Amino acid sequence: MPKKLVVGNWKLNGSLAANEVLLGGCGTLAGVEMAVCVPFPYLAQAASLLDGMALGAQTVSEFQSGAYTGEVSAEMLAEMGCRYVIVGHSERRALFGEDDAMVGRKAAAALRAELVPIVCVGESLAEREAGRVMEVIGRQLGAVWESIGKEGFSRAVIAYEPVWAIGTGRAASAGEAQEVHAGIRRWLSEREVPLAEIRILYGGSVNAGNAAALFAMPDVDGGLIGGASLVAEEFIAVCRATMTNGGC
Ligand code: PEP
């Protein structure tokens, strides 16, 4: 079993001064892998301040180089010291027009540069209420499969992030998360992806109060943390919660 993984997603937040305070207060914990995905301009600063935590980015170009103004390639991220990159976050899908196929191409670009893509999937509230959760997630995963296949999935991390839980203060219950994580594991197993090393993170309003119950679920291998990753004590408390209730 790999260690549980907790990844902070800073989104569009930070400043040189604030980052120094936040990263200075985080530290690391034995028994859990910790990472932070920071805005592009702060990668170098974060790389210089991190001591044991892994570095990641929040998106990546599907292209390697050329006339793509504003884009940042996976190779550039790797050169800056990144290990992880988030692809297909629901904010990128909803606000920046990223569709399922593009998410697949971005995951492939990440793997090409030996980065670990954190592939985000998740349903809207309307889709949940219509009983379409696994249909939607199967479609999202299927598009990524077209680009990276079994070998790629065996090197990726998956994040289940129900859209209705992101930034709303309304996390999925531990039971709701477990049900979907088990469904994702089943989806992978049906395609013969080796499951032993795969980590499926839960994301959506995780905080120090609800993290332990979520991480205690057998198919929840860690978390993708937005708001709670912006305060050092809260982020550390979430990371520590992987080690209670049978966490790693
Ligand atoms: C996220 O943006 O990936 C996220 C999970 O946000 P929050 O924890 O704030 O809901």
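In each ligand, atom 1 is the first atom listed, and ligand 1 is the first ligand listed. Keep in mind the model is a prediction, meaning the values are calculated, not measured.
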Student: Distance under 4.0 Å, heavy atoms only, partner ligand 1: which residues pass?
Tutor: Asn9, Lys11, His89, Glu161, Ala165, Ile166, Gly167, Gly203, Gly204, Ser205, Leu224, Ile225, Gly226, Gly227
Student: Write out all pairs satisfying salt bridge (charged side-chain N to carboxylate O under 4.0 Å, His left out) with one or both partners inside residues 32-56, taking only residues at least two apart or from two chains.
Tutor: Glu33-Arg83, Glu33-Arg199
Student: Report the residue from Asn19, Asn13, Val36 that forms a side chain to side chain contact (heavy atoms under 4.5 Å, CB included) with Tyr42.
Tutor: Asn19
Student: According to ring pair (Phe, Tyr, Trp, His ring centres under 6.0 Å), does anything in residues 55-97 pair up with another residue at least two apart or in another chain? List the pairs.
Tutor: Phe63-Tyr68
Student: Does the distance from a Lys or Arg side-chain N to an Asp or Glu carboxylate O, for Arg186 and Asp219, drop under 4.0 Å?
Tutor: no
Student: Apply side chain to side chain contact (heavy atoms under 4.5 Å, CB included) to Thr168 and list each qualifying residue two or more places apart in sequence or on a separate chain.
Tutor: Arg170, Ser205
Student: Counting distance only, does the side-chain N/O of Tyr160 pair as donor-acceptor with the main-chain N or O of Pro162 below 3.5 Å?
Tutor: no
